[in-house]
2 protein chains.
Amino acid sequence: MTMGPKAKIPARKAPASRKTTLVRWNNALQSRDEINEAKRLALVRTAGTAFKARGFHNTSLEDLAAALNVTKPTLYYYIDNKQDLLYRCHQYALDLGDQAHDYARDGQDGLEKLLRMLSRYIELMTDDFAAYSLLSDLNDLSEEHKTAIQKRRRAFDTVFRNFINEGIQDGSIRPCDPMLTVAWFMGAVNAIPRWFDTKGRMTGADVAAAYADLLTRAIRA
Amino acid sequence: MTMGPKAKIPARKAPASRKTTLVRWNNALQSRDEINEAKRLALVRTAGTAFKARGFHNTSLEDLAAALNVTKPTLYYYIDNKQDLLYRCHQYALDLGDQAHDYARDGQDGLEKLLRMLSRYIELMTDDFAAYSLLSDLNDLSEEHKTAIQKRRRAFDTVFRNFINEGIQDGSIRPCDPMLTVAWFMGAVNAIPRWFDTKGRMTGADVAAAYADLLTRAIRA
DNA sequence: CCTACCGATCGGTAGG
DNA sequence: CCTACCGATCGGTAGG
């Protein structure tokens with residue numbers, strides 16, 4: 001059933017229906033969908049944090065439910081199953097990568113774009129639980145989800161490789177093997193969540209700056 | 001019971017005992033202990049390979065037993081339990097690190113020692129299943145084993161940090177933050193098993209040379 | 001969103 | 001080194 005702009009006058013003969021509820025308080029309240037999405041997000045974030053702290057297989061759905069003050073069956077309203085939950089963690093982290101990509105476009109040359117993307121990615125990653133999935137074993141995903149994640153990761157790496165090729169063309173980066181160079185620094189970057197401590201002496205921006213500096217020295221023309 | 005050189009003449013009145021068996025065929029055969037150790041090693045290597053391919057929790061002891069053509073209970077003669085097996089995988093990988101350390105001592109200055117250790121470590125790592133444990137979740141170890149592994153890993157990192165400090169002193173390495181620099185390139189190095197393919201276009205030595213080159217450019221004075 | 005429950009897997013052991 | 005088996009955990013579902 002498609003309809004135009006939301007009706008402002010309650011439909012006749014529908015006094016206490018769900019639909020009228022939606023406009024009460026002038027929509028100051030979240031819609032049902034928004035509430036569900038917020039709950040799902042809370043679940044994903046809780047899961048990411050717990051998986052990182054104790055591991056995927058050492059965290060039961062019961063644990064997660066307890067952390068959210070609900071019971072296990074309740075979780076199944078928001079996710080299909082445990083693997084689906086892990087998949088959502090991965091998606092979340094990859095979305096950060098896309099954000100970093102958007103930020104990179106403003107760079108002047110290949111090297112600058114590369115550095116912008118790298119720095120932004122590190123900042124987003126250190127800022128968030130999302131880092132968990134970078135440490136995760138892809139074998140814990142279903143075959144289809146695993147393929148999907150690998151594809152997105154490859155696409156992310158390809159963006160980096162293209163920036164390197166661009167930099168070699170425009171003279172900002174010395175000739176090098178793009179595949180190997182990306183493997184090198186992405187390995188370093190994706191390992192950050194293993195040791196980074198939010199309450200440590202360095203901020204995420206500090207790490208980003210330091211890593212960008214090391215990379216620059218290694219590959220600039 | 002301690003005794004001198006192994007007796008060459010069978011002890012009197014011990015015609016068919018274990019002890020006499022040991023010198024048969026002039027010791028061309030392995031001793032019982034050596035055989036057991038060889039079997040244990042086969043188990044550890046099989047486990048490392050399987051864990052890497054499918055993950056620790058997605059590999060049952062039954063799977064491992066089947067791969068070795070024995071039954072599950074048999075495995076318990078060689079290991080205490082599954083966690084113990086994982087622990088042995090970690091030990092094995094860390095032993096490679098020690099080998100690399102030995103090889104590094106011959107370097108002339110800080111930078112050269114660092115590069116020798118790094119290259120050797122990469123070569124050993126790409127050559128072997130052992131790489132699995134680098135990808136493993138330490139939370140799958142018992143508390144004591146986890147602590148022990150973390151301690152050895154820290155010691156390994158400290159060697160690298162000391163080489164960097166040495167290099168800064170002797171002028172072969174530019175001033176930099178040793179902790180951060182080690183975190184950077186060890187992240188890159190430990191990620192190699194995620195993508196390295198024994199049958200790919202690059203050998204382990206190729207990767208070692210390329211990574212050493214990138215590191216050199218990033219930190220030399 | 002909960003109570004109650006099932007089924008399967010799997011690490012580990014007994015006993016020979 | 002094997003046959004046989006136990007106990008516990010845990011993902012997932014029924015039904016309301």
Side-chain angles (χ1 to χ4, degrees), chain A residues 18 21 29-44 46-48 50-51 53-89 136-137 139-146, chain B residues 18 21 30-44 46-48 50-51 53-90 136-137 139-146:
Chain A
R18 279 277 159 74
T21 316
L29 275 54
Q30 292 174 301
S31 73
R32 194 87 222 147
D33 277 0
E34 284 169 333
I35 291 173
N36 284 348
E37 200 46 57
K39 289 180 181 175
R40 194 171 353 247
L41 182 63
L43 172 53
V44 171
T46 301
F51 293 165
R54 295 186 293 281
F56 178 69
H57 289 280
N58 302 317
T59 305
S60 69
L61 289 175
E62 204 99 49
D63 292 338
L64 296 178
L68 292 162
N69 284 312
V70 292
T71 57
K72 183 175 59 167
T74 302
L75 304 184
Y76 283 85
Y77 184 72
Y78 303 98
I79 54 167
D80 292 343
N81 51 48
K82 199 185 180 187
Q83 283 190 335
D84 174 48
L85 180 55
L86 180 59
Y87 181 55
R88 288 170 189 272
C89 288
S136 156
D137 189 341
N139 290 308
D140 290 332
L141 292 167
S142 70
E143 212 49 51
E144 305 85 70
H145 285 171
K146 182 178 169 184
Chain B
R18 279 276 158 76
T21 316
Q30 292 175 302
S31 73
R32 194 87 222 147
D33 277 1
E34 284 169 334
I35 291 173
N36 284 347
E37 200 46 56
K39 289 180 181 176
R40 191 168 0 244
L41 183 62
L43 172 53
V44 172
T46 302
F51 293 164
R54 296 185 292 281
F56 178 69
H57 289 280
N58 303 318
T59 306
S60 70
L61 289 175
E62 205 98 49
D63 292 337
L64 296 178
L68 292 162
N69 283 312
V70 293
T71 57
K72 182 175 59 166
T74 303
L75 303 183
Y76 282 85
Y77 184 74
Y78 302 97
I79 54 165
D80 292 343
N81 50 49
K82 199 185 180 187
Q83 283 191 334
D84 174 48
L85 180 55
L86 179 59
Y87 182 54
R88 288 172 191 271
C89 287
H90 276 94
S136 154
D137 188 342
N139 290 308
D140 290 333
L141 292 166
S142 70
E143 212 49 51
E144 305 86 70
H145 286 171
K146 182 179 169 183

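Labels below follow one simple rule: chain letters A, B, ... track the order of the sequence lines, proteins then strands, and each chain is numbered from 1.
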Let me have the donor-acceptor pairs involving side chains of residues 66-74 of chain A, under 3.5 Å, with sequence neighbours excluded, atom names and distances please.
from  : atom 1 : to    : atom 2 : distance (Å)
A:T71 : OG1    : A:T74 : OG1    : 3.3
A:T74 : OG1    : A:T71 : O      : 3.3

Hits for side chain to side chain contact (heavy atoms under 4.5 Å, CB included) against A:E144, two or more places apart or cross-chain, chain-then-number order -> A:S142
Practice task
Give B:Y77 one of three labels, base, sugar-phosphate or nothing, depending on what nucleic acid heavy atoms sit under 4.0 Å from its own.
Solution key: nothing
d(B:I79 CD1, B:R40 CZ) to nearest 0.5 Å is 9.5 Å
Output for pair (A:D137 CG, A:H57 NE2), nearest 0.5 Å, gives 7.0 Å
CG (B:L141) and SG (B:C89) are apart, to the nearest 0.5 Å, by 9.5 Å
Output for pair (A:D80 CG, A:L75 CG), nearest 0.5 Å, gives 12.5 Å
**Request:** Identify whether NZ of Lys or CZ of Arg in A:K82 sits under 6.0 Å from the centre of the six-membered ring of A:F56 and within 45° of that ring's axis.
**Result:** yes
When pairs are called at under 3.5 Å and a stem needs at least three consecutive Watson-Crick or G-U pairs, the stems of DNA chain D are C:1-16 with D:1-16
Counting only N and O atoms by type, is there a donor-acceptor contact under 3.5 Å from the side chain of A:D63 to the main-chain atoms of A:S60? yes
Can you check whether A:F51 reaches A:L64 side chain to side chain, under 4.5 Å on heavy atoms? yes
What residues 54-73 of chain A contributes to the DNA chain D interface at heavy-atom separation below 4.0 Å is A:T59, A:S60, A:L61, A:K72, A:P73
Contact check, residues 78-88 of chain B vs DNA chain C, heavy-atom distance under 4.0 Å, returns B:N81, B:K82
Interatomic distance, CG@B:L61 vs CG@B:L85, rounded to 0.5 Å, equals 7.0 Å
The reported gap from NE2 in B:H145 to CZ in B:R88 (rounded to nearest 0.5 angstrom) is 8.5 Å
**OP:** Using atom types as modelled and distance alone, determine if a side-chain donor or acceptor of A:N139 lies under 3.5 Å from a backbone N or O of B:A53.
**Re:** yes
Chain B vs DNA chain C, heavy-atom contacts under 4.0 Å, first-to-last nucleotide span, 5' to 3', is C:dG11 to C:dT13
